[in-house]
Amino acid sequence: MALALIKLPATLADIGMAAVAGWSLRARPGWAVAGALAVLLHPAIWYVSAWWAQFESLYILPMLVGWALVVRGRPGWAAVAIAIGLMTKPQALPLAIPFAAFYLGRFGLGGSIRAGAVAVATAALLWAPFVAAGGPGNYLRHLADYTSLFAVLSLRAWNPWWVLQDLASGGQLVADSIPILGPVTLRWVGFAIAGLLELAVFAWVWRRPTATGLAWGLAAASLAAFVGLTAMHERYAYAAVVFLVLCWPDRLAVWTWVVVSVTVALNMVAAVPPAGPPGSLIPVGGIVGIAGSVAMSVSFVVVLSGLRRVQGPRNLDLHG
């Protein structure tokens, strides 16, 4: 009973994500139904929430709501939703980058500052009940302890760091604190790579702040962190599975979603298999892991190309 209650919030958030995805595609009823079902019935989504009792959907749902609000000219309420998502899990941080670019491109510096103030006020309100327990300082200490516990090149996430780790150590975990040039470690190299990739995402969303451009940008930001950073878990590409649906019925988005969806689902089952087959039949390392890493890396490049080719007037239409 206790485990079911723990799983309930994320499972309800999954239903909310499916509802937002379907609503966003409502201009095309067939695609709306397909989009909702693609989220609600996706193996990776129910595997994470209903089986694994993880909470990825609890930060993605507010970000989805933020997208739906901001592309319809509700920047203040969108800022509230975005702040809620950012306060939920640190994995939401990359998603703030395309949102920031959209605000700057669409609402200018003044509008962005006002929205930022709303987000800060929302975050302060959310933190208020926890001030007596140490507040953000205590949270950051726990976060530092957590990141030091998993300070490896890749924690079973199929990305370029996994390929390096698998080839260098035969599948054994490799610390990302290894210095390669003076005090520069592989973790800092990962930060630099991800930073450059996120900068490209920011520039292209800012250049075309449309609904579709922001959706592509959110998927790209998620994958940029996944392929660029060290210490990634297999489920940290989860957001891309959801945000790519918002770009439908674009053929590139549909086929990229298929590749990302299959790869992410296989990565999750291989990394944390259920008892016995079929999970035990999917090796997380070797040629399967390398193929999955290549698929995720190529998918990121394709998502970037989809973001770059977004055209149309600088307006808020749903698929601008």
Looking at every heavy atom in both Ala38 and Trp248, which two are closest together, and how far apart are they?
CB-CH2, 3.6 Å

Heavy atoms of Pro98 and Leu214 approach each other most closely as O-CD1, 3.5 Å

Rounded distance (nearest 0.5 Å) linking atom CG of Leu223 with atom CG of Leu218
11.0 Å

Could you check if a side-chain atom of Leu95 sits within less than 4.5 angstrom of a side-chain atom of Tyr59, using non-hydrogen atoms only?
yes

Using a 3.5 Å distance criterion without hydrogens, assess whether the side chain of Trp158 forms a donor-acceptor pair with backbone atoms of Ile290.
no

Between the main-chain N or O of Ala219 and the side-chain N or O of Ser222, is there a donor-acceptor pair closer than 3.5 Å?
no

Would you say Trp67's side chain and Ala211's backbone share a donor-acceptor pair under 3.5 angstrom?
yes

Please check if the side chain of Asp166 supplies one atom and the backbone of Gly286 the other of a donor-acceptor pair under 3.5 Å.
yes

Please state whether the rings of Phe130 and Trp127 are parallel, tilted or perpendicular, taking 30° and 60° as the class boundaries.
perpendicular

Rounded to the nearest 0.5 angstrom, the CD1-OG distance for Ile15 and Ser57 is 10.0 Å

Considering only heavy atoms from C-beta outward, does the side chain of Tyr47 approach that of Val269 to under 4.5 Å?
yes

Could you pull out the closest heavy-atom pair between Ala237 and Met296, with the gap in Å?
CB-CE, 3.7 Å

side-chain contact (heavy atoms from CB on, under 4.5 Å) evaluation trace for Ile84 with Val80
CA-CA 6 Å; Ile84 293 172; Val80 172; 4.1 Å; yes

Check whether Trp161 reaches the backbone of Gly228 with its side chain - one donor and one acceptor, N or O, closer than 3.5 Å.
yes

Closest non-hydrogen atoms of Leu246 and Ser24, given as atom of the first, atom of the second and distance, are CD2-OG, 3.3 Å

Look at atom CG of Leu181 and say whether more than 12 heavy atoms of other residues, nucleotides or ligands are closer to it than 6.0 Å.
no

To the nearest 0.5 Å, what is the distance between CG on Asp176 and CZ on Phe191?
8.0 Å

Is any side-chain heavy atom of Val174 closer than 4.5 Å to a side-chain heavy atom of Leu164?
no

Quick one: do Met232 and Leu155 satisfy side-chain contact (heavy atoms from CB on, under 4.5 Å)? Show the steps, please.
CA-CA 6 Å; Met232 286 288 101; Leu155 197 70; over 6 Å; no

What pairs with Glu56 under salt bridge (charged side-chain N to carboxylate O under 4.0 Å, His left out), at least two apart in sequence or on another chain?
Lys89, Arg235

May I ask you to test the Val264-Met268 pair for a side-chain heavy-atom distance under 4.5 Å?
yes

Establish whether Leu196 and Ile180 are linked, either directly or via other cluster members, by ILVMFWY side-chain heavy-atom contacts under 4.5 Å.
no

Within the distance-only criterion (no hydrogens, no angle test), does the side chain of Arg187 pair as donor or acceptor with the backbone N or O of Ala175 below 3.5 angstrom?
no

Side chains of Phe243 and Ile60 in contact at under 4.5 Å (non-hydrogen atoms)
yes

Please check: side-chain N/O of Thr256 versus main-chain N/O of Ser299, any donor-acceptor pairing under 3.5 Å?
no

Group every Ile, Leu, Val, Met, Phe, Trp and Tyr by side-chain heavy-atom contacts under 4.5 Å, then state whether Val301 and Val259 land in the same group.
no

Indicate, with yes or no, if Phe226 and Val258 share a hydrophobic cluster defined by side-chain heavy-atom contacts under 4.5 Å among Ile, Leu, Val, Met, Phe, Trp and Tyr.
yes

Interatomic spacing from CZ in Phe99 to CZ in Phe202 - rounded to 0.5 Å:
13.5 Å

Linking I/L/V/M/F/W/Y whenever any side-chain heavy atoms sit under 4.5 Å apart, do Val201 and Val298 land together?
yes

Minimum heavy-atom separation for Tyr236 and Gln91, please, with both atom names.
OH-NE2, 3.0 Å

Candidate pair Asn159 and Phe300, rule side-chain contact (heavy atoms from CB on, under 4.5 Å), full reasoning
CA-CA 10 Å; Asn159 62 15; Phe300 168 66; over 6 Å; no

Non-neighbouring partners of Asn267 that pass side chain to side chain donor-acceptor pair (under 3.5 Å), sequence neighbours left out:
none

Return the CZ to CZ distance between Arg208 and Arg106, rounded to the nearest 0.5 Å.
11.5 Å

Does some side-chain heavy atom of Ile82 sit less than 4.5 Å from a side-chain heavy atom of Thr122?
no

Is there side-chain contact between Val288 and Val284, with heavy atoms separated by less than 4.5 Å?
no

Are any side-chain N or O atoms of Ser112 and backbone N or O atoms of Leu104, one a donor and one an acceptor, separated by less than 3.5 Å?
yes

For Ala221 and Glu198 the tightest heavy-atom approach is O-OE2, 2.8 Å

Step through it carefully: locate the ring centre of Trp216, locate the ring centre of Trp204, and say whether they are under 6.0 Å apart.
no

Between Val227 and Leu197, is any pair of side-chain heavy atoms under 4.5 Å apart?
yes

Would Met63 end up clustered with Val118 when hydrophobic side chains under 4.5 Å apart are linked, directly or stepwise?
yes

Cys247 SG to Leu252 CG distance, which is reported to the nearest 0.5 Å:
9.0 Å

Show, in sequence, the C-alpha distance, side-chain angles and deciding distance for Trp257 and His42, and conclude whether the side-chain contact (heavy atoms from CB on, under 4.5 Å) test is met.
CA-CA 11 Å; Trp257 179 86; His42 196 287; 3.5 Å; yes

